K.L.:
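Pasting in a structure now, in structure tokens, and then I'll have a few things to ask.
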Amino acid sequence: MGVAVSMENVSRTFRGSGGQVQALADISLEVELGSFVALVGQSGCGKSTLLRAITGLDTGYTGRLTVGGEPVTGVDPRRGIAFQEPRLFPWLSVEQNIGFGLRLPTTERNRRIAELIEMVELTGFERARPSQLSGGMAQRVAIARALAPRPRVLLLDEPFGALDAFTRARLQDALQDIWLREAVTTILVTHDIEEAVTLAQRVVVMTPRPGRIQQVMDIDLAYPRNRADPQVTEYRRVLLKAFHLDRSAAVPTREIP
Amino acid sequence: MLTAADSRVEPAASAQHSGPSKGRRAWFGRLLPFTLPVLLVVTWQVAAQLHLIDTVLIPSPQQVFRTLVEAAGDGSLWENTQASLLRWGSGFALGGGLGVMFGSLVGLFRLAEQFLDSTFQMLRTVPHLGLMPLLILWLGLGESPKLVMVGLASFFPLYLNTMAGIRNVDRKLVEVGRVHGLGTVELLRRVVLPAALPSILVGARYGLGSAWVGLIVAELMGATSGLGFMLSEGQALSRVDIVVGGLVIFALAGKLVDVLVRAAERRFLHSRDTYQGV
Ligand SMILES: Nc1ncnc2c1ncn2[C@@H]1O[C@H](COP(=O)(O)OP(=O)(O)O)[C@@H](O)[C@H]1O
Ligand SMILES: [Mg+2]
């Protein structure tokens, strides 16, 4: 298997009026072609900064960062990104939003849009405006828009973070199906450990101030995965322990009536 | 694959309200704006007929209507209305066009903002209606001072709203455009301008209104055609019915254009996610 994204000692320091903030310190990581990697960590640990660097939106990093063997010097349509907010263009319909980045002749373009609408299950909403969509539907459109130009790498920055638990679970399943079908290299940023364990082949745990990789954990489970599977739950427990959030050893201090 | 069940949980795009009570409310809502003007005209007519008001100073609606029909008969009404509309349209196109142009420049380029904005903001505080005597002295009594006046009146609303519209474009949307590989020109055409359009349309509506007022002032001060001319002629002849008739046409034309602009707004304004009142 080849390497899709490679990072060697990637650091990023923001200099502002309030002094310096080192958002990333010596991040080294390789993401294999077609794999699914999740970056987890509490807020402020540099997950978005790293994702923006890979996207090419922020080129102020130091170190070596390559995608498909080429150093990242700016944005590239071969990398698609979806953010926590759907960021849909309110003046465009669902299908126009999905086709925003497509540079294809009309017939092929329409075929690709129809394919994506089916993939994210929005049939019947082609002509709806973003203001008419629920949060979950809007996020489906955003993911479809990122996938439209067939990027080599799909970057997702807490895409389900603002959704309710039920909608989030459904969209996680939808994302898993899309990844299984499209085999696109996917990097998912999340602060939801269950989400990371259910979806990713490899979970990268980050710690803040400065943002570093604390540990990398492979999730050796077959797909399609089910979040209720006891093995998934076991991985989740191990990860919680890594975050010192596991309370199974806690001793009761009083009797609960 | 899972079904898009989340689309069923929350209200869907195709949801439509209907029912007899809604229909009656719609009718009521459409008639409601007309009740007050109709009531006023009826009261006015009744008061005139009962001699509660002096019809020499305040002619009855019937008299005004008769005068307007006469003026329509000899063609002068249409001629005057046409002259005013033409000046309104061309002056607005000129001033409004420049307003959008400069507003875009200043909105898009910091350098243009530093160079132009403080001067424009200073000029904006000059009451432009008061410039008419100066314009007549400089440009004479022909069409040009009227065009300049209407242009001035439309310039600032469009300048200010275009600039604000561009400056309020969500940076996150611009970022999405960049991620999809758009260059500067494409970014302006496909993201910045559409995002600023609602604000520009608001400016156009204000601009048309203020241009209309500027036009009448210009026409009152030395014109040989137009609705403003009709007003000053009525005053010279002590014909209150002509003055009132001119004002009625003035109001109707203004209202008509406002309705048209609102229709354009509805056509272009996307996210009607704003509060619409109870
Ligand atoms: N543009 C910026 N300017 C200054 N500081 C920033 C900027 N972006 C991020 N940071 C800082 O970098 C750190 C990491 O931020 P971020 O990558 O957004 O974290 P996460 O996405 O993991 O919550 C934070 O301390 C944040 O304040
Ligand atoms: Mg973040």
Side-chain angles (χ1 to χ4, degrees), chain A residues 52 55-57 74-83 85 87-94 97 100-103 118-125 127-137 139-140 142 145-146 148-149 155 163-164 166-174 176-178 181, chain B residues 1-17 161-162 165-166 168-202 204 264-276:
Chain A
R52 291 175 66 82
T55 311
L57 279 169
V75 292
D76 188 318
R78 287 173 296 184
R79 294 189 288 275
I81 185 165
F83 304 90
E85 334 78 53
R87 301 195 187 185
L88 303 182
F89 298 107
W91 58 89
L92 297 180
S93 66
V94 164
N97 263 293
F100 185 82
L102 281 180
R103 286 156 214 273
E118 208 196 307
M119 191 191 298
V120 295
E121 319 218 347
L122 283 173
T123 310
F125 291 92
R127 282 167 218 283
R129 297 275 153 177
S131 58
Q132 297 169 309
L133 302 177
S134 70
M137 293 161 82
Q139 205 51 271
R140 285 169 189 268
R145 180 176 62 185
L155 303 153
L163 304 177
D164 66 87
F166 302 100
T167 310
R168 192 186 317 149
R170 278 192 209 99
L171 262 79
Q172 286 166 358
D173 292 343
Q176 191 180 135
D177 292 334
I178 288 169
R181 193 194 318 180
Chain B
M1 201 176 262
L2 221 92
T3 53
D6 59 325
S7 64
R8 258 174 268 134
V9 179
E10 292 176 59
S14 50
Q16 286 288 331
H17 304 284
N161 282 284
T162 303
I166 289 175
N168 284 333
V169 173
D170 190 349
R171 207 153 39 89
K172 293 177 167 177
L173 287 185
V174 177
E175 214 168 71
V176 174
R178 278 183 56 207
V179 168
H180 281 94
L182 302 195
T184 311
V185 176
E186 283 279 272
L187 214 51
L188 292 183
R189 191 177 68 77
R190 295 185 61 195
V191 180
V192 177
L193 281 185
L197 192 62
S199 177
I200 297 175
L201 281 175
V202 169
E265 266 182 8
R266 260 197 300 281
R267 170 88 181 66
F268 290 112
L269 290 203
H270 19 86
S271 56
R272 301 231 109 229
D273 252 356
T274 51
Y275 184 57
Q276 303 284 301

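Worth saying up front: this structure is predicted, and the values here are computed from it rather than measured.
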K.L.:
Work out which heavy atom in B:V176 is nearest to a heavy atom in A:F83; give both atom names and the distance.
P.N.:
CG2-CE1, 4.3 Å
K.L.:
Tell me, side chain or backbone of A:L163 under 4.5 Å from chain B's heavy atoms, or both, or neither?
P.N.:
neither
K.L.:
For A:Q176, is it the side chain, the backbone, both or neither that has a heavy atom under 4.5 Å from a heavy atom of chain B?
P.N.:
neither
K.L.:
What's the shortest heavy-atom distance between A:R87 and B:K172, and which atoms?
P.N.:
NH1-O, 3.4 Å
K.L.:
Below 4.5 Å from any heavy atom of chain B, which atoms of A:F166 appear? Answer side chain, backbone, both or neither.
P.N.:
neither
K.L.:
In terms of heavy-atom pairs under 4.5 Å, which option from A:L102, A:T55, A:L57 contacts chain B the most?
P.N.:
A:L57
K.L.:
Measuring heavy-atom distances to chain B, does A:R52 have an atom under 4.5 Å in its side chain, in its backbone, in both, or in neither?
P.N.:
side chain
K.L.:
Minimum heavy-atom separation for B:G181 and A:R103, please, with both atom names.
P.N.:
O-NH2, 3.8 Å
K.L.:
Indicate the atoms forming the closest heavy-atom contact of A:L88 with B:L173, along with that distance.
P.N.:
O-CD2, 3.6 Å
K.L.:
Are the side chains of B:P194 and A:L92 in contact, using a 4.5 Å heavy-atom criterion?
P.N.:
no
K.L.:
With sequence neighbours left out, write down each residue that passes side-chain contact (heavy atoms from CB on, under 4.5 Å) with A:P77, or none if nothing qualifies.
P.N.:
none
K.L.:
Hey, could you give me the CG/CZ distance between B:L182 and A:F100, rounded to the nearest 0.5 Å?
P.N.:
4.5 Å
K.L.:
Which pair of heavy atoms, one from B:R178 and one from A:G56, lies closest together, and at what distance?
P.N.:
NH2-O, 4.4 Å
